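For reference, the structure is listed below as structure tokens.
Scope of the values below: all heavy atoms of this structure, side chains included, with no hydrogens, waters or symmetry mates. Below, chain A is the first sequence line, B the second, and so on; all start at residue 1. This one's a predicted model, so the numbers in the text were calculated from it and none came from an experiment.
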Amino acid sequence: MSNTMQSHIENGQDGVIFEKSEPGRSNPCQAPRAVEGSPVIPASLLRKTVPMLPEVSEMQAVRHFTRLSQKNFSIDTHFYPLGSCTMKYNPRACNTLAMLPGFLNHHPLAPVETGQGFMTCMYELQEMLKEVTGMQAVSLTPMAGAQGEFAGMAMIRAYHDARGDDARCEVICPDAAHGTNPATAVMCGYKVKEIPTKADGDIDIDALKAAVGPQTAGIMLTNPSTVGVFERRITEIAKIVHDAGGLLYYDGANLNAILGKVRPGDMGFDVIHMNLHKTFSTPHGGGGPGAGPVGVSDRLLPFLPVPMVGFNGAQYHWLTKKERPQSIGQLSAFGGNAGVLMRAYIYARLLGREGMPRVAEYSVLNANYIMVELQKRGFDLAFPSRRATHEFIVTLKRQAKTLDVTAMDFAKRLLDYGYHAPTTYFPLLVPECFLIEPTETEDKATLDGFIDAMAKIQHEAETEAAMVKGAPYTLPSRRLDDVRAARELDIVWRDTET
Amino acid sequence: MPFIPHTETDVKQMLASIGASDIDALFDEIPVELRIGILDQVPAGLNEMEMSRLMHARAAGAQPLCFIGAGAYEHHIPAAIWEIVTRGEFYSAYTPYQAEASQGTLQLIYEYQSMMAHLTAMEASNASLYDGASGLAEAVLMAVRANRKSKSKRILMPATVNPSYRRVVQTIVENQGITLELIDYQHDAGCIDLASLPVEPGDVAALVIPQPNFFGVLEEVSGLTDWAHARGMLVVAVVNPTSLALLTPPGEWGEQGADIVCGEGQPLGVPLAGGGPYFGFMCCNLNHVRQMPGRIVGRTVDADGKPGFALTLQAREQHIRRSKATSNICTNQGLVVAAATLYMTLLGAEGLARVATTSHLNTQQLSEQLTTIEGVEIAFASPNFHEFVIKLSGVTSDAVLDALLAEGVLGGFNLSADYPALGEALLVCATETKTTADISAYRDALSRVMQTLKGGAA
């Protein structure tokens, strides 16, 4: 690495763990006892060099990673209004109870009679998710939203193939769709046709009518859409697509806004994936693990991914390809992210039937409140004629043009005020945008603090733009050099760097 | 209200600000005919005490002695790991898009990438994938993209690769026109027979090499790697990370090393937990790094010239490239990767080597003991890591496993469905968690079970 990059220690910062490593230091208490005897393995298959892993004490490790954790924003420490990510509070009980030893020590291939308690939770979760989505059956196995999307589109393809309807090569996505939607369609062997969004945030129905035909396999929609409004003509859209022989895919990213209020199944969707790490409050964990169960209408029932959990009146058991021969197949080595599913199950039981609609009600209340208050303080809404759902979009196009202060600058300055930035520059069709999603778990005082911070930054942008453009100032790092990160690629620590 | 902090006064003030009569008015854009009533099939809410009682009851029950591996392995998990990992600052943070507010997660991933690269002897690692099976599917897709010498979408897939992984790969790649061609194994040795591979296999994108393979047997990885490279294929290695403390790392296989390395990360500090969440790791050399799926963290400098960390090479990813992305993958398995990073840090190379060696030697001890029993014989006379296959005569695997469970022993994984040619056969594993007494307990139980079942049959 170049000379300009001094070690963190010289800068008075914490270094990487390798810089704390000293030969000969070990933690014999955490490792097995040294054993006598040599491996019964030919020398040609044995490792000749020792891999460079840290040699630090347990306390050094604990302190290092504790200090690293303190360099993060998180829901537990900061308001995190990250649009389309549903950063709500993760109840502690969900973690504690999912980590009971009886669940943690359960081998995935152990006979089902040794895991009936676990299987009961999985079965009941399937049933609850069916009910809240209005679908006919649910498979829990997809390990993330993107894998749920993949499963959904693979089922749509399997459906058309099973009918011998193999000329359907196109999937329609609105231009506001999440990037995973077109990427998923391609992974399932489809071409993507984009259709525009109108100025009021709804889909352009005329463009949809022109786009559908015998080549249409389906459409991928999010409702509420990624622009934060409810697609009012959804029933009409469903009819147009179904009449053309296509199926409707529901991206469950925004389920929080409608939980217990309306159901994708009733809107006419054939398949839905849910992000349990959003609506069902499983932890985001710095980018995973998630869980992306899929639910389907009657049409797609035979194609659900395996394994699923069945119940024969006496025992819960796995349903595999043997019982479900038309399944699109397996998506994970075992049954998916079981521990995440357990947390979602516990959360759902704590909420219960009366708690679920409240999730939608209060997340929508919070979003509308911030939206109106920001508008009163002079911010421009992307869709001012519409209600917010659980999220909404502010555009900072005017500020970028007149003050040369961009959405990115606002985002970075918010960090200095102790608020995680909203989602920036997504959806792509609204310039200089903030997608703001407060969730239902935030109190009014927190929302007011955020609104005040936005107003203060607006004032700063007008009076000291250069300062705003240099933010943040109070975090472990100032703005990072992304160009250098990509050009002088340093993604693995090497010995020579110390 | 559970997890909702609003007081009545708050709600009144907020609605007044919005200019709405009540909360229901906020849903006035949703067509009335779509609204639903009560969610009948969802039970009423429980409080924490009630839920705790329910879950403790469901988690209760005897814990049998576990000798099943087959892709998920029981290892000791140091106490510090999950104490740190479940700190709210790791647990409740999101994908590090705002780098300045995510230096903890980003640096941790950089350290993880470094450890995985050193362990596999490769130049680069991503921030992880969902699990070992889906990781192999991503590796296959990557190999097809990255092999510029080949126009082929054919992949050679040995039968010694975990059958569950092969099924997952099939599900994920079949819609892209990729074909998996099965390579048989030597039925007496339990590994791929280099001599039986075709001299001229035609245009093939990649050969998958498992080490150890699904039977626990060690493949002749260097010979296989050179064979594939000589024919223009890339080599995709599927490895057990624990074993790499002991075995030749994929970066040193043959003349040039493997091209893409993937595998299941669960053995590195992640509990069995009914099958997940685990994580898949993926490494490659720098020449292929732009074809790698998933997040990658790079070290750079900030505006003051101080070192810092950021997501990098994002031009590969779905949120930038959309339909032209390397994969639709959006997340990694961040929290589980944090556990693995702590595991490798606490154990170090020496500790990991002890885990590997103890597991290996316990397995040798177990196979010696079990094969003293009449009707039990070892299936393959080949070197292995920490699993082996036993063949049973005069009984069925299912009956033996049921009877062992009644004795408090999970005796292994029944191979009969996936490998009918083996007859009645079990895949058995002993990690470092098994003591000499545990091993004897299994031998004694199996001995009794075999006598009873054969006696019953006679």
Tell me, side chain or backbone of [X] under 4.5 Å from chain A's heavy atoms, or both, or neither?
X: B/Phe385; result: neither
X: B/Ala349; result: both
X: B/Glu264; result: neither
X: B/Leu346; result: both
X: B/Asp10; result: both
X: B/Ile18; result: both
X: B/Ile23; result: side chain
X: B/Tyr165; result: side chain
X: B/Asn162; result: neither
X: B/Leu244; result: both
X: B/Gln113; result: both
X: B/Ala57; result: neither
X: B/Leu410; result: side chain
X: B/Glu111; result: both

Between [X] and chain B, with a heavy-atom cut-off of 4.5 Å, which part of the residue counts as in contact: side chain, backbone, both or neither?
X: A/Pro39; answer: both
X: A/Val372; answer: side chain
X: A/Met267; answer: both
X: A/Val192; answer: side chain
X: A/Tyr89; answer: side chain
X: A/Thr120; answer: both
X: A/Gln147; answer: both
X: A/Met87; answer: side chain
X: A/Tyr80; answer: side chain
X: A/Leu415; answer: side chain
X: A/Ala185; answer: neither
X: A/Arg386; answer: both

Among [options], which residue has the highest count of heavy-atom pairs closer than 4.5 Å to chain A?
options: B/Ala133, B/Ala245, B/Pro277, B/Ser164; result: B/Pro277
options: B/Leu39, B/Thr312, B/Val355, B/Ile38; result: B/Leu39
options: B/Pro383, B/Gly298, B/Gly348, B/Ala101; result: B/Ala101
options: B/His360, B/Arg167, B/Gln170, B/Glu432; result: B/His360
options: B/Ser102, B/Ser134, B/Ala315, B/Ala127; result: B/Ser102
options: B/Ser114, B/Ser128, B/Ser222; result: B/Ser114

> Taking the six-membered ring of B/Phe3, is the NZ or CZ of A/Lys88 close enough (under 6.0 Å from the centre) and on axis enough (within 45°)?
Replying inline: no
Please set out all donor-acceptor pairs under 3.5 angstrom arising from side-chain atoms of residues 93-100 of chain B, sequence neighbours excluded.
from, atom 1, to, atom 2, distance (Å)
B/Tyr97, OH, B/Arg295, NH2, 2.8
B/Gln98, OE1, A/Lys412, NZ, 2.8
B/Glu100, OE1, A/Lys412, NZ, 2.7
B/Glu100, OE2, A/Lys412, NZ, 3.2

> With sequence neighbours excluded, what pairs up with B/Ala59 under the side-chain contact (heavy atoms from CB on, under 4.5 Å) test?
Replying inline: A/Leu100, A/Phe103
>> side-chain hydrogen bond (donor to acceptor under 3.5 Å, both in side chains) for B/Thr105 and A/Asn72? Distances and angles first, verdict last.
In response: CA-CA 7 Å; B/Thr105 290; A/Asn72 273 357; 2.7 Å; yes
Between [options], the one whose heavy-atom pairs under 4.5 Å with chain B are most numerous:
options: A/Leu109, A/Val186, A/Ile234, A/Ile328; value: A/Leu109
options: A/Lys444, A/His107, A/His106; value: A/His107
options: A/Gly287, A/Gly335, A/Gly102; value: A/Gly287
options: A/Pro28, A/Cys121, A/Pro101; value: A/Cys121
options: A/Thr235, A/Val50, A/Val40; value: A/Val40
options: A/Ala333, A/Ala31, A/Gly355; value: A/Ala333

>> Apply salt bridge (charged side-chain N to carboxylate O under 4.0 Å, His left out) to residues A/Lys130 and A/Glu127 and explain how you reach the verdict.
In response: CA-CA 5 Å; A/Lys130 260 165 67 177; A/Glu127 293 299 303; 3.4 Å; yes
>> Taking CD in B/Glu48 as the centre, count heavy atoms belonging to other residues, nucleotides or ligands within less than 6.0 Å. Is the count above 12?
In response: no
>> Under 4.0 Å between a side-chain nitrogen and a carboxylate oxygen: does that hold for A/Lys71 and B/Glu89?
In response: no
